[in-house]
Every structure is written in C-alpha cells, then in structure tokens.
Undergrad: 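One structure coming up, written as structure tokens, with questions to follow.
Chain naming here is simple, since letters A, B, ... match the order of the sequence lines and numbering starts at 1 in each.
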Number of protein chains: 2
Amino acid sequence: MPLADREELGRMTALDPDLAARLKRDPAGLLPAVVQQYDSGEVLMLAWMDDEALRRTLSTRRATYWSRSREQYWIKGETSGHHQYVKSVSLDCDGDTLLVRVDQVGPACHTGTRTCFTDELLAEKAEYAEKEDEL
Amino acid sequence: MPLADREELGRMTALDPDLAARLKRDPAGLLPAVVQQYDSGEVLMLAWMDDEALRRTLSTRRATYWSRSREQYWIKGETSGHHQYVKSVSLDCDGDTLLVRVDQVGPACHTGTRTCFTDELLAEKAEYAEKEDEL
C-alpha cells in the first residue's frame, strides 16, 4: 500500500467505541491474534493487535498487526508479498484474544515455511487412540 | 486426576533444559498456547503456559495451563469433564508461542460453546472472492 494511503488510514476514525469497550488488553495495550488459514484450518502464526491495528484490519480486510520488536504497525505481506486477505475476525469469550481467519498468499512464516509452528515438541502417537484415563 | 497424582507430578523433574532455553517467555514467564482440535482444525481457545505447565502437558498428554486469574495450574476438564487429550505440541519460529493440538471432549468454552471464538466482529463476505489489491 502506498504511503499516502497509509496516511489516509491514519486519519480515519477510531475503533468503534462499543467494540473497544469489550476488549481486554494486556499491560502493553495488546491482544494476541491467532491467524488461521480459512479453508484448510492451518494455524499459521500468532501476532499482536492494539485497537488501531484491529480497526485497520476490520476496515481494510488486510491483516495489520503491531510489531512489538519494531514498535510499529505492519501490514502482513507489505514487504514480502505474502499477503493475508482477511475472511473473518472473531473475539473470544473473555474479550482478550482474536481469531483472524485469512487467505494466506505463500508462506506465513518469515523462515519460508507455510506456518510458524514447524518445531514439533511432542508428536502424535500412532497408538494413542484410547480416551481412557491412563494416568 | 486425584490430588496424590498431582503431587506426584509436582515431584517430577523440571522441563528439559534444552527446550527451556529455546522458550521466549513474556514478563510473567508465560507463553500463549493456541489450542486446536486436531482433526477438524477448529481453533478452540487460547490459554497460557509456563515451563511447568508445558512440562506437565508434554509428560501427561493432558492439557495443563497456568490460570492468570486464579494464579494456579489447571488441567483442562478436571472440574468440567471437558478434557483435552493432547495429540501434538509445537513451538513457533520465535519460540514465544505454542500450538497444542488436542482431542477436545465436549465444549472447550466455559460458556458451553464448542470454541471460545463465537463473537464474530467481521463476517466473511460472500462476494469476497478476488485477490486483487482493492485498496
């Protein structure tokens, strides 16, 4: 998105006050946003949103987050081309977590993998088919 | 799980030091854990783990979290019966988020719904099928 357009976004109105009142933010003013591929169900990544990032995401349908390390907004795919076209956004029962369902272009992860969750700590057990209390 | 068994768990060894060294925790020592139904792909909830909750989850294959409000460990389903049988656990590329794939018994949400993400802020547009840059 050209800089002029981003500045235009910055002049838009604030997040809907009724919605803002329902959000429970962490001490930094952020909510975790779980990002999921809308059709396959893959969990792609987790990012963070403040009110403004959520407002931009809802109004543009382009996933926009707050970068905690760079301390700035980032539109996913703006530099990589790996856009996230937002299909739906949901808030959880506690008002402290967002679920963003997207159509992800290419890899979601900056390492080049489809999802960020490739480091498996515990694999599925082939023989684990029972639900009895084994503990 | 009977109290005696939980106390037994408490006497077990600490989280694998190599794994512990890879975790990037928030200031409270926690990582967000995205919880997903392993077969349907539904994102059920988000909870929080410290090292000990992760160790218990990996060793027992019962999803165990740290409750930030109650300031104690909780085994999902221990009181509700809505157990989470852990199928796999993955760490993301930054080492700061977990993905826990489970077989959820009954509703995951304390409100009685299958998932915690029933409050839709932005619905899918039926006509939203194009990927062109419309902004």
Side-chain angles (χ1 to χ4, degrees), chain A residues 1-2 5 9 16 19 22 26-28 32 34 36-38 40-43 45-46 54 57-62 69 83 85-101 103 105 109-111 113 115-125 128 130-131 133-135, chain B residues 1-2 5 9 16 19 22 26-28 32 34 36-38 40-43 45-46 54 57-62 69 83 85-101 103 105 109-111 113 115-125 128 130-131 133-135:
Chain A
M1 188 185 297
D5 289 2
L9 276 177
D16 170 41
L19 172 54
R22 286 154 57 201
D26 75 5
V34 179
Q36 181 181 36
Q37 173 66 28
Y38 82 105
S40 70
E42 290 164 296
V43 175
M45 53 183 272
L46 185 131
L54 176 58
T57 298
L58 295 174
S59 61
T60 67
R61 286 185 178 259
R62 293 300 180 88
S69 55
H83 301 286
Y85 297 88
V86 176
K87 294 291 190 173
S88 66
V89 180
S90 302
L91 183 66
D92 81 340
C93 54
D94 296 324
D96 65 6
T97 304
L98 294 159
L99 175 62
V100 184
R101 301 180 80 236
D103 194 7
V105 176
C109 189
H110 72 283
T111 64
T113 55
T115 89
C116 292
F117 295 96
T118 54
D119 184 3
E120 199 163 66
L121 306 182
L122 181 72
E124 186 165 346
K125 285 196 287 186
Y128 190 77
E130 305 300 323
K131 287 189 180 177
D133 191 337
E134 304 165 330
L135 302 177
Chain B
M1 188 186 297
D5 289 1
L9 275 177
D16 170 41
L19 172 54
R22 287 154 56 201
D26 76 5
V34 179
Q36 181 181 35
Q37 173 66 26
Y38 83 105
S40 70
E42 290 164 294
V43 175
M45 53 182 272
L46 185 130
L54 176 57
T57 298
L58 294 173
S59 61
T60 66
R61 287 185 179 259
R62 292 299 180 90
S69 54
H83 300 286
Y85 296 88
V86 176
K87 294 291 190 173
S88 66
V89 179
S90 301
L91 183 66
D92 81 342
C93 54
D94 296 324
D96 64 7
T97 304
L98 295 159
L99 175 61
V100 183
R101 301 181 80 237
D103 194 7
V105 176
C109 189
H110 72 284
T111 65
T113 56
T115 89
C116 292
F117 296 96
T118 53
D119 183 3
E120 200 164 66
L121 306 182
L122 181 72
E124 187 165 346
K125 285 196 288 186
Y128 190 76
E130 303 301 322
K131 288 189 182 179
D133 190 337
E134 305 165 327
L135 300 177

Undergrad: Is the closest side-chain heavy-atom distance between A/Tyr38 and B/Glu124 below 4.5 Å?
TA: yes

Undergrad: Please state whether the side chain, the backbone, both or neither of A/Leu99 comes within less than 4.5 Å of a heavy atom of chain B.
TA: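 Both parts, backbone and side chain.
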
Undergrad: Can you give me the closest heavy-atom contact between A/Phe117 and B/Leu98, atom names plus distance?
TA: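 Shortest heavy-atom separation between A/Phe117 and B/Leu98 comes out as CE2-C, 4.0 Å.
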
Undergrad: Do you know which two heavy atoms are closest between A/Pro32 and A/Asp96, and how far apart they sit?
TA: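 Scanning both residues completely, I find the closest heavy atoms to be CD-O, 3.2 Å.
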
Undergrad: With a 4.5 angstrom heavy-atom cut-off, could you sort out which part of B/Leu58 is near chain A: side chain, backbone, both or neither?
TA: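 Both parts, backbone and side chain.
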
Undergrad: First locate atom CE of B/Met45, then atom CD of B/Gln37, and finally report the distance between them rounded to the nearest 0.5 Å.
TA: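 That separation rounds to 12.5 Å.
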
Undergrad: If I measure from the heavy atoms of chain B, does A/Glu120 come under 4.5 Å with its side chain, its backbone, both, or neither?
TA: both

Undergrad: Counting only N and O atoms by type, is there a donor-acceptor contact under 3.5 Å from the side chain of B/Gln36 to the main-chain atoms of B/Gly41?
TA: yes

Undergrad: Report which part of A/Asp94 has an atom under 4.5 Å of a heavy atom belonging to chain B: side chain, backbone, both, or neither.
TA: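 Contact with chain B is through the side chain of A/Asp94 alone.
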
Undergrad: Is it the side chain or the backbone of B/Leu19 that comes within 4.5 Å of chain A heavy atoms, both, or neither?
TA: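 The side chain, not the backbone.
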
Undergrad: Less than 4.5 Å to any heavy atom of chain A: does that hold for the side chain of B/His83, its backbone, both, or neither?
TA: neither

Undergrad: Apply side-chain contact (heavy atoms from CB on, under 4.5 Å) to the pair B/Val86 and B/Arg101, showing each step before the final yes or no.
TA: CA-CA 6 Å; B/Val86 176; B/Arg101 301 181 80 237; over 6 Å; no

Undergrad: Taking A/Asp92 for the side chain and B/Cys116 for the main chain, is one N or O donor matched with an acceptor at less than 3.5 Å?
TA: no

Undergrad: What option among A/Val43, A/Val89, A/Leu54 has the most heavy-atom pairs under 4.5 Å with chain B?
TA: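 Most heavy-atom pairs under 4.5 Å with chain B: A/Val89.
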
Undergrad: At a 4.5 Å cut-off on heavy atoms, which part of A/Thr97 comes close to chain B: side chain, backbone, both, or neither?
TA: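 When you check distances to chain B, atoms from both the backbone and side chain of A/Thr97 fall under 4.5 Å.
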
Undergrad: Measure A/Val34 against the heavy atoms of chain B and call it side chain, backbone, both or neither at under 4.5 Å.
TA: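 Side chain of A/Val34 only, per the 4.5 Å heavy-atom cut-off to chain B.
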
